[in-house]
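FYI, side chains are in, hydrogens and waters are out, and symmetry mates aren't considered; it's all heavy atoms of this structure. Labels below follow one simple rule: chain letters A, B, ... track the order of the sequence lines, proteins then strands, and each chain is numbered from 1.
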Amino acid sequence: MGLVVTNTLTRKKEDFVPRDEGKVSMYVCGPTVYGDIHVGNARAMVVFDVIRRYLLWRGFDVTFVRNYTDVDDKIIARAAEEGLSSEEVAFKYSAAFDEVVASLGIAAPDHPVRATEHIPDMVEMIQSLIERGFAYEAGGSVWFAVDKFKDYGKLSGRTLADMRAGERVEPDPNKRQPLDFAVWKAAKPGEPAWDSPWGPGRPGWHIECSAMSMRYLGTGFDIHGGGSDLVFPHHENEIAQAEAATGEKPFVRYWLHNGMVNMGNEKMSKSLGNLVLAKDLVAEVGPQVMRIMAIAGSYRSGVDFGEASLEQATRVSERLDSFRRDAPAGGKLSEEGRQFLNRFTEAMDDDFNTPVALGTMQEIIRRGNTLMGTSGPDDPQLPGLVEALDEITGVLVGPVAHAQAEGGSDSPTAKIEELVEQRDRARKEKDFGRADAIRDQLKQLGVVVEDTPQGTRVVSS
RNA sequence: GGCGGCGUGGCCGAGUGGUUAGGCAACGGUCUGCAAAACCGUCUACCCCAGUUCAAUUCUGGGCGCCGCCUCCA
């Protein structure tokens with residue numbers, strides 16, 4: 001059995017057959033860098049990080065590209081608000097993005113690409129669109145003529161007639177059709193601008209992803225990912241531009257879209273103002289819990305980041321940490337380990353079924369705990385099992401798990417060590433009243449002690 | 001209004017035409033000085049109504065409800 005993915009283009013699960021055997025080319029829409037990203041943005045990044053790690057683990061040679069939209073109306077607006085240049089705003093928030101994403105153990109792309117560094121590619125594409133009759137210049141801007149591209153609507157499953165029925169926006173007077181969209185925007189005074197055959201201006205949002213993805217991955221690359229809210233118009237427009245400009249299709253073989261993060265029963269979004277910043281949640285619950293929450297449901301579904309989900313993800317994370325702390329290091333994969341790994345692979349091959357994959361991970365932990373309970377951490381069956389766990393966590397939680405396992409029980413302060421020793425002494429002397437009092441005292445310091453056959457364990461909470 | 005998705009046990013969340021998801025919570029037990037952790041056991045569901053079928057939670061149709069997109073958005 002091979003890998004199967006749900007392609008938004010067909011709305012079906014399809015066998016994954018990459019363009020070039022053994023290689024996967026993949027592009028994911030990154031942030032518009034005008035502010036701190038929220039949990040929903042971060043979830044998308046986690047989802048595609050897991051997909052990428054899985055493909056790598058499965059032996060594909062993956063080329064991963066992600067963009068920064070660093071020129072845009074919102075950046076310009078933000079710059080005015082903060083009294084900075086739009087370059088400064090873009091720099092500030094792309095650095096902030098990098099920091100959050102790194103803290104979540106999300107691997108850097110092979111090609112982190114910035115719109116402002118690829119203007120010539122975009123200009124070239126726009127010229128091609130005009131030459132081929134798919135775009136027209138009006139008032140210093142260039143518009144894509146949607147009615148010239150007969151496949152327009154194929155990704156989002158709508159027709160031009162459908163869309164006209166639902167029009168809600170005041171069309172720009174320069175457009176021939178209300179649904180035409182800008183591929184090049186004429187600069188207004190004071191805005192960042194680049195020279196072009198149509199005068200000074202900047203690229204439209206959609207063109208950047210078309211141009212940069214093909215620049216690095218060519219046409220007909222394998223996976224294009226992003227949130228489901230990008231299906232229309234963003235990805236629809238990307239297809240139109242790319243296929244119209246090159247005359248080749250498909251632009252992308254498999255379109256993958258992740259579901260939205262909900263708070264309560266509403267989508268978390270900037271416009272609704274109900275957002276939780278990714279950096280705040282990471283600071284509160286730690287990266288591992290956040291990653292687990294992000295993949296606790298299938299990537300295509302929406303996922304709730306409310307209290308209950310948080311608690312459950314926390315438990316999963318704690319079980320993992322606690323097992324890793326007590327279990328021996330991984331060794332040669334055992335037969336039993338291989339069986340778990342097969343189940344993990346089967347789950348992930350089925351459209352990246354992370355909830356089931358996570359279930360497999362927890363079953364390994366249970367099995368490992370049972371072994372340890374029976375014959376202790378030296379049980380010869382453990383290393384081969386732990387090896388399977390390591391491989392799974394390598395894909396699902398990335399380097400975060402190891403970092404936490406090592407750093408988690410970090411240097412207890414002298415005072416805490418002292419108290420723990422006092423408590424151990426009290427317990428030996430059967431002075432349990434005193435031992436319990438010290439335990440309470442430690443708890444107040446944020447330290448939980450657990451008595452195990454191997455001795456007292458200190459867990460910082 | 002148009003397009004798309006979803007509705008599973010107290011909760012989160014997979015999945016299947018007849019056979020165990022997994023987790024959280026709860027309860028009982030083992031262990032423990034007591035706890036905690038861990039392990040064992042119990043808890044058995046599939047929105048409603050028709051239809052197809054030997055058999056539907058799973059397929060088809062209708063209904064109800066929820067969500068996303070149609071405007072910037074992961």
S.K.: Using the ring-ring contact (aromatic ring centres under 6.0 Å, His included) criterion, which residues pair with A/H206? Sequence neighbours excluded.
M.R.: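 A/H206: ring-ring contact (aromatic ring centres under 6.0 Å, His included) contacts with A/F181, A/H234.
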S.K.: Touch check for A/V28, heavy atoms < 4.0 angstrom, all strands: base, sugar-phosphate only, or nothing?
M.R.: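 Counting heavy atoms under 4.0 Å across all strands, no contact is made by A/V28.
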S.K.: For B/U16, give the paired nucleotide (Watson-Crick: N1-N3 plus N6-O4 or O6-N4; G-U: N1-O2 and O6-N3; both under 3.5 Å), or none.
M.R.: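 Across any shown strand, B/U16 pairs with none.
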S.K.: Looking for any heavy atom pair under 4.0 Å, which part of the strands does A/N258 touch: base, sugar-phosphate only, or nothing?
M.R.: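 Base contact.
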S.K.: Among B/A74, B/C70, B/C34, which nucleotide sits nearest the side chain of A/D451?
M.R.: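 It is B/C34.
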S.K.: B/C3 and B/G63: how far apart are their P atoms, nearest whole angstrom?
M.R.: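 Roughly 14 Å separates the two P atoms.
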S.K.: Assign a letter to each nucleotide of nucleotides 19-25 of chain B from its 5' end: B, base within under 4.0 Å of a protein heavy atom; S, sugar-phosphate only; -, no contact.
M.R.: --BSBS-
S.K.: Rounding to a whole Å, what distance do you find between A/E450:CD and B/A37:P?
M.R.: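 Distance check: A/E450 CD to B/A37 P gives 7 Å.
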S.K.: Do the side chains of A/D451 and A/R427 get close enough for a salt bridge, i.e. N-O under 4.0 angstrom?
M.R.: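 Salt bridge present between A/D451 and A/R427.
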S.K.: Looking at A/F48, A/Y254, A/W255, which one forms a ring-ring contact (aromatic ring centres under 6.0 Å, His included) with A/H224?
M.R.: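 Among the candidates, only A/W255 passes.
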S.K.: When we call it a touch if two heavy atoms are under 4.0 Å apart, what does A/V47 touch: a base, just sugar-phosphate, or nothing?
M.R.: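 If one applies the 4.0 Å heavy-atom cut-off, A/V47 turns out to touch nothing in the nucleic acid.
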S.K.: Please report, rounded to the nearest Å, how far the P atom of B/A38 is from the CG atom of A/L382.
M.R.: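 In whole Å, B/A38 P and A/L382 CG are 16 Å from each other.
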S.K.: Mind checking what makes ring-ring contact (aromatic ring centres under 6.0 Å, His included) contact with A/Y68, not counting sequence neighbours?
M.R.: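 Applying ring-ring contact (aromatic ring centres under 6.0 Å, His included) to A/Y68 gives A/F97.
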S.K.: Here's a test of your reading of the structure: between A/I365 and A/G302, which maps to the more 5' nucleotide of RNA chain B?
M.R.: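 Closest to the 5' end, via its nearest nucleotide, is A/G302.
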S.K.: Whole angstroms only, please: what is the CE-P distance between A/M348 and B/A14?
M.R.: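 About 14 Å, once rounded to whole Å.
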S.K.: Could you please name the option among B/C34, B/C12, B/A14 that lies closest to any side-chain atom of A/S301?
M.R.: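 Minimum distance to the A/S301 side chain belongs to B/A14.
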S.K.: Which nucleotide, if any, forms a Watson-Crick or G-U wobble pair with B/C11, using both distances under 3.5 Å?
M.R.: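 Partner of B/C11: B/G23.
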S.K.: Judged by modelled atom types alone, do A/E208 and A/T69 share a side-chain donor-acceptor pair under 3.5 Å?
M.R.: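 A/E208 vs A/T69: donor-acceptor pair found between side chains.
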S.K.: Using the P atom in both, what is the distance from B/G4 to B/A55, to the nearest Å?
M.R.: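 That atom pair is separated by 32 Å.
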S.K.: Run A/R58 and A/D349 through salt bridge (charged side-chain N to carboxylate O under 4.0 Å, His left out) and show every step you take.
M.R.: CA-CA 10 Å; A/R58 219 175 170 293; A/D349 265 5; 2.6 Å; yes
S.K.: Do any N or O atoms of the protein come closer than 3.5 Å to N or O atoms of nucleotides 3-5 of chain B, and which pairs are they?
M.R.:
from: B/C3; atom 1: O2'; to: A/S156; atom 2: O; distance (Å): 3.2
from: B/C3; atom 1: O2'; to: A/G157; atom 2: O; distance (Å): 3.1

S.K.: For the side chain of A/N353, starting at C-beta, report the closest nucleotide among B/G15, B/A35, B/C69.
M.R.: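 When the side chain of A/N353 is considered, B/G15 is the closest of B/G15, B/A35, B/C69.
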S.K.: For B/G1 and B/A56, measure between their P atoms and round to the nearest Å.
M.R.: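 Nearest-Å result for B/G1 against B/A56 at atom P: 34 Å.
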S.K.: What distance, rounded to whole Å, do you find between the two P atoms, one in B/C46 and one in B/U58?
M.R.: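 One P to the other, the span is 11 Å.
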S.K.: After noting the C-alpha distance and the side-chain angles of A/T10 and A/E14, does the key distance pass the side chain to side chain donor-acceptor pair (under 3.5 Å) rule?
M.R.: CA-CA 9 Å; A/T10 57; A/E14 297 178 8; 2.5 Å; yes
S.K.: Can you work out whether A/R427 or A/S309 has the more 5'-proximal nearest nucleotide on RNA chain B?
M.R.: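 It is A/S309, whose closest nucleotide lies nearer the 5' terminus.
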S.K.: When the P atoms of B/A25 and B/A37 are compared, how many Å lie between them, rounded to an integer?
M.R.: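 My reading of the P atoms in B/A37 and B/A25 gives 8 Å.
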S.K.: Using the P atom in both, what is the distance from B/G13 to B/G17, to the nearest Å?
M.R.: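 Straight-line distance between the two P atoms is 22 Å.
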S.K.: Within the 4.5 Å heavy-atom criterion, are A/Y216 and A/V113 side-chain neighbours or not?
M.R.: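 Yes, at least one pair of side-chain atoms sits under 4.5 Å.
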S.K.: Say you pick atom P in B/G65 and the same atom in B/C48; how far apart are they, in whole Å?
M.R.: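 Roughly 15 Å separates the two P atoms.
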S.K.: Which is true for A/R434 with a 4.0 Å heavy-atom rule: it touches a base, it touches only sugar-phosphate, or it touches nothing?
M.R.: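 Here A/R434 touches no strand at all.
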S.K.: Do A/S298 and A/R300 meet the criterion of a side-chain donor-acceptor pair at a distance under 3.5 Å?
M.R.: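 No donor-acceptor contact under 3.5 Å links the two side chains.
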S.K.: Applying a 4.0 Å non-hydrogen cut-off, can you work out what A/F432 is touching in the nucleic acid: base, sugar-phosphate, or nothing?
M.R.: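 Contact class for A/F432: base.
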S.K.: Hydrogens and angles aside, do A/S103 and A/E99 bring a side-chain donor and acceptor to less than 3.5 Å of each other?
M.R.: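 No, no side-chain donor-acceptor pair sits under 3.5 Å.
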S.K.: A/W255 has an atom CH2; how far is it from atom P of B/A74, in whole Å?
M.R.: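 It works out to 15 Å between those atoms.
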S.K.: From C-beta outward on A/R457, which listed nucleotide comes closest to its side chain: B/A74, B/A37, B/G33?
M.R.: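 From the listed options, B/A37 comes nearest.
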S.K.: Rounded to whole Å, please give me the gap between CG in A/D72 and C1' in B/U71.
M.R.: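 These atoms are roughly 14 Å apart.
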S.K.: Does the B/C67 base have a donor-acceptor partner in the side chain of A/N262 within less than 3.5 Å?
M.R.: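 No, no donor-acceptor pair under 3.5 Å.
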S.K.: Any side-chain N or O of A/N41 less than 4.0 Å from the OP1 or OP2 oxygen of B/A74?
M.R.: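 Answer yes for this pair, as a side-chain N or O of A/N41 is under 4.0 Å from OP1 or OP2.
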S.K.: Across all strands, who's sitting opposite B/U57 as a Watson-Crick or G-U wobble pair, both distances under 3.5 Å?
M.R.: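 No nucleotide pairs with B/U57.
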S.K.: Look at the side chain of A/S322 and decide which nucleotide, out of B/A37, B/C34, B/A74, has an atom nearest to it.
M.R.: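 Side chain of A/S322 sits closest to B/A37.
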S.K.: Nearest-Å distance, CG (A/L179) to P (B/G2)?
M.R.: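 The distance from CG of A/L179 to P of B/G2 comes to 17 Å, rounded to the nearest Å.
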S.K.: Taking any strand in view, what nucleotide pairs with B/C6 in a Watson-Crick or G-U wobble way, both distances under 3.5 Å?
M.R.: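 Base partner found: B/G65.
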S.K.: Could you tell me whether the side chains of A/T116 and A/D70 share a donor-acceptor contact shorter than 3.5 Å?
M.R.: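 Judged by distance alone, the side chains do pair up.
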S.K.: Please name all residues satisfying side-chain contact (heavy atoms from CB on, under 4.5 Å) with A/S213, sequence neighbours left out, ordered by chain then number.
M.R.: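 A/Y27, A/F221, A/F251.
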S.K.: Rounded to the nearest angstrom, tell me the gap between atom CD1 in A/I292 and atom P in B/C12.
M.R.: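 It works out to 19 Å between those atoms.
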S.K.: Can you name the residues that form a side-chain contact (heavy atoms from CB on, under 4.5 Å) with A/Q444, not counting sequence neighbours?
M.R.: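 So A/Q444 forms no side-chain contact (heavy atoms from CB on, under 4.5 Å) with any residue.
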S.K.: Say we look at B/G18 and B/U57: how far apart would their P atoms be, to the nearest angstrom?
M.R.: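 After rounding to an integer number of Å, I get 11 Å for this pair.
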S.K.: What is the nucleic acid contact for A/G259, judged by heavy atoms within less than 4.0 Å: base, sugar-phosphate only, or nothing?
M.R.: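 Touches a base.
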S.K.: My understanding is that a pair needs two contacts under 3.5 Å, Watson-Crick or G-U wobble. By that rule, which nucleotide pairs with B/A37?
M.R.: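 Its partner is none (no Watson-Crick or G-U wobble pair with both distances under 3.5 Å).
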S.K.: Mind calculating the distance between CG (A/N67) and C1' (B/A74) to the nearest angstrom?
M.R.: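 Computing the A/N67:CG to B/A74:C1' distance gives 12 Å.
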